[in-house]
Amino acid sequence: EKTMSIFTSTDALEISSEDYKFEIGTLGIPEFGTNFVRQMLIDTQPRTFAELVRISGLSHGTDVWINNAQELVRSNVAELKDVISTRDDIMNYLILKGLPAKASFKIMENVRKGKGLNSEDEALMKENGVPQWYIDSCNKIKYMFPKAHAVAYVMMSFRIAYFKVHYPEAFYGTYFTMKAEDFDADLITKGKEKVVKKLIELESIGNNMTAKEKNLLTVLEVALEMYLRGIGLLPVDLYKSDADRFIIIDHKLLPPLKSLQGVGQNAARSIALEREKGEFLSIEDLQQRTKVTKTVIETLTNHGCISDLPLTNQLCLF
């Protein structure tokens with residue numbers, strides 16, 4: 001029940017609604033984290049696993065939700081449990097209404113391929129008490145998702161949602177590890193206020209955002225949520241940070257080396273490999289042993305990772 005509640009609110013995440021800019025808690029949950037599907041969840045307020053399956057079907061179809069089921073639900077013409085969400089719904093519903101199984105199957109196949117209904121189909125459906133809104137809905141659909149796919153997606157998403165609620169550090173650590181290349185550690189480690197400022201800046205760009213900026217926006221939203229749940233973020237550490245993965249340390253996350261924009265995966269792995277052989281004596285020693293570029297050195301310097309290292313191995317006597 002607690003896991004299910006994040007699909008309709010942020011209560012299970014124990015986030016104050018005054019501080020939090022999102023109405024529901026599905027950020028970072030596959031299939032349910034995009035703006036489009038989050039708005040669907042707000043519109044439909046699902047309470048059961050079966051309703052999540054219906055939403056998954058609706059979100060993967062073409063002209064199934066937008067300009068179709070969305071208006072039916074919003075205007076109270078039909079409830080979420082009644083609208084067409086997956087291709088299987090059509091055949092099963094028509095059989096229950098009394099149509100022959102063969103005719104029900106044929107209608108389902110035509111509708112899910114975007115061919116709509118012919119006059120004979122409509123007449124047969126009306127004879128068996130199928131409402132006009134249902135007939136109109138069938139004629140609008142261009143493509144439909146099979147229910148088995150929707151169930152598989154929701155099973156995966158629900159499992160991940162469970163970890164988000166009950167093991168938040170593990171959830172955020174895993175999520176950011178998957179998004180490490182889009183994660184700007186130098187920005188996000190500066191705290192909630194800096195994250196909010198950057199979010200506002202990106203949102204002001206609107207449709208003119210680049211693909212990289214859109215990816216950063218998504219990561220920043222989840223980072224803000226993490227901060228609001230009381231989970232901190234440590235600065236990248238030259239010796240403690242993993243090359244690729246986020247590590248949990250005392251209710252905080254330690255970002256990997258490659259999460260610094262300017263330190264690529266190869267450079268991060270090279271640093272991790274060389275430090276096992278012994279500490280770096282200087283910045284010169286670091287660069288010579290790891291073969292990293294000047295850009296990487298500048299990035300590490302700006303973040304404070306190598307502030308304790310002298311420039312060269314030479315000792316200054318005077």
Side-chain angles (χ1 to χ4, degrees), residues 1-35 37-42 45-49 52 55-56 153-199 215-237 240-260:
E1 185 179 339
K2 195 173 181 182
T3 301
M4 185 69 211
S5 70
I6 75 166
F7 293 92
T8 55
S9 71
T10 60
D11 294 345
L13 304 183
E14 299 178 355
I15 294 173
S16 168
S17 58
E18 327 172 321
D19 295 329
Y20 193 43
K21 58 180 284 189
F22 307 106
E23 295 182 53
I24 54 177
T26 59
L27 284 173
I29 304 297
E31 309 299 326
F32 291 95
T34 64
N35 287 332
V37 181
R38 274 155 44 198
Q39 186 57 54
M40 288 180 69
L41 293 168
I42 292 167
Q45 291 293 294
R47 300 292 175 188
T48 65
F49 185 89
L52 292 181
I55 289 168
S56 180
Y153 280 11
V154 175
M155 286 176 67
M156 169 195 67
S157 300
F158 201 82
R159 288 186 181 114
I160 294 172
Y162 173 86
F163 280 93
K164 182 173 186 179
V165 173
H166 298 284
Y167 300 93
E169 295 93 344
F171 167 79
Y172 292 112
T174 303
Y175 176 81
F176 290 135
T177 293
M178 298 302 293
K179 300 280 187 180
E181 292 184 5
D182 299 318
F183 193 93
D184 187 345
D186 197 48
L187 165 66
I188 300 174
T189 54
K190 290 175 180 174
K192 182 178 74 173
E193 289 72 24
K194 292 289 184 182
V195 171
V196 172
K197 186 178 178 181
K198 187 64 177 181
L199 272 171
N215 291 339
L216 176 59
L217 175 67
T218 300
V219 167
L220 289 176
E221 287 178 331
V222 180
L224 174 58
E225 179 186 75
M226 177 191 72
Y227 273 129
L228 291 173
R229 293 182 74 184
I231 300 170
L233 192 69
L234 298 166
V236 176
D237 188 287
K240 295 178 182 177
S241 289
D242 189 78
D244 304 287
R245 296 183 302 106
F246 280 75
I247 300 170
I248 302 169
I249 299 177
D250 297 329
H251 201 57
K252 295 180 180 180
L253 295 184
L254 176 64
L257 292 165
K258 76 172 185 182
S259 66
L260 285 170

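All of these numbers come straight from a predicted model, not from anything done at the bench. Position 1 is the first residue of the sequence, and the numbers go up from there.
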Using the ring of each side chain (for Trp, its six-membered ring), is F176 parallel, tilted or perpendicular to F246, with breaks at 30° and 60°?
->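 Tilted.
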In terms of the angle between their ring planes, are Y167 and Y162 parallel, tilted or perpendicular, with boundaries placed at 30° and 60°?
->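 Tilted.
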Please check this pair: side chain of [X] against backbone of [Y], looking for a donor-acceptor N/O pair closer than 3.5 Å.
X: S157; Y: Y153; result: yes
X: T10; Y: I24; result: no
X: T26; Y: F32; result: yes
X: S259; Y: P255; result: no
X: D250; Y: K252; result: no
X: Y227; Y: E193; result: no

Exercise: identify the closest heavy-atom pair between [X] and [Y]:
X: S56; Y: V154; answer: CB-CG2, 3.7 Å
X: I231; Y: H251; answer: CG2-O, 3.6 Å
X: Y175; Y: G28; answer: CE1-CA, 3.6 Å

Measuring from [X]:[atom1] to [Y]:[atom2], what's the distance to the nearest 0.5 Å?
X: E14; Y: R229; atom1: CD; atom2: CZ; answer: 7.5 Å
X: F22; Y: E225; atom1: CZ; atom2: CD; answer: 8.0 Å
X: L254; Y: R245; atom1: CG; atom2: CZ; answer: 10.5 Å
X: T34; Y: M40; atom1: OG1; atom2: CE; answer: 9.0 Å
X: E169; Y: Y172; atom1: CD; atom2: OH; answer: 9.5 Å
X: L41; Y: E23; atom1: CG; atom2: CD; answer: 11.0 Å

Contact check, side chains of [X] and [Y], non-hydrogen atoms, under 4.5 Å:
X: I42; Y: T8; result: no
X: F183; Y: V222; result: no
X: T174; Y: T177; result: no
X: I6; Y: L13; result: yes
X: I188; Y: L233; result: yes
X: D184; Y: K198; result: no
X: L234; Y: I249; result: yes
X: I29; Y: L27; result: no

Could you give me the CA-CA distance, side-chain angles and deciding distance for F171 and M226, then say whether side chain to side chain contact (heavy atoms under 4.5 Å, CB included) is met?
-> CA-CA 10 Å; F171 167 79; M226 177 191 72; over 6 Å; no
Assess whether side chain to side chain contact (heavy atoms under 4.5 Å, CB included) is satisfied between L216 and D182, documenting all intermediate values.
-> CA-CA 6 Å; L216 176 59; D182 299 318; 5.8 Å; no
Do other residues, nucleotides or ligands put more than 12 heavy atoms under 6.0 Å from [X] [atom1]?
X: F163; atom1: CZ; result: no
X: M156; atom1: CE; result: yes
X: Q45; atom1: CD; result: yes

Does the pair R38 and E221 meet the rule for a salt bridge (charged side-chain N to carboxylate O under 4.0 Å, His left out), with working shown?
-> CA-CA 13 Å; R38 274 155 44 198; E221 287 178 331; 3.8 Å; yes
Passes side chain to side chain contact (heavy atoms under 4.5 Å, CB included), L199 versus V195? Steps please.
-> CA-CA 6 Å; L199 272 171; V195 171; 4.2 Å; yes
Chi angles and distances behind the side chain to side chain contact (heavy atoms under 4.5 Å, CB included) call for I247, L253 | CA-CA 6 Å; I247 300 170; L253 295 184; over 6 Å; no
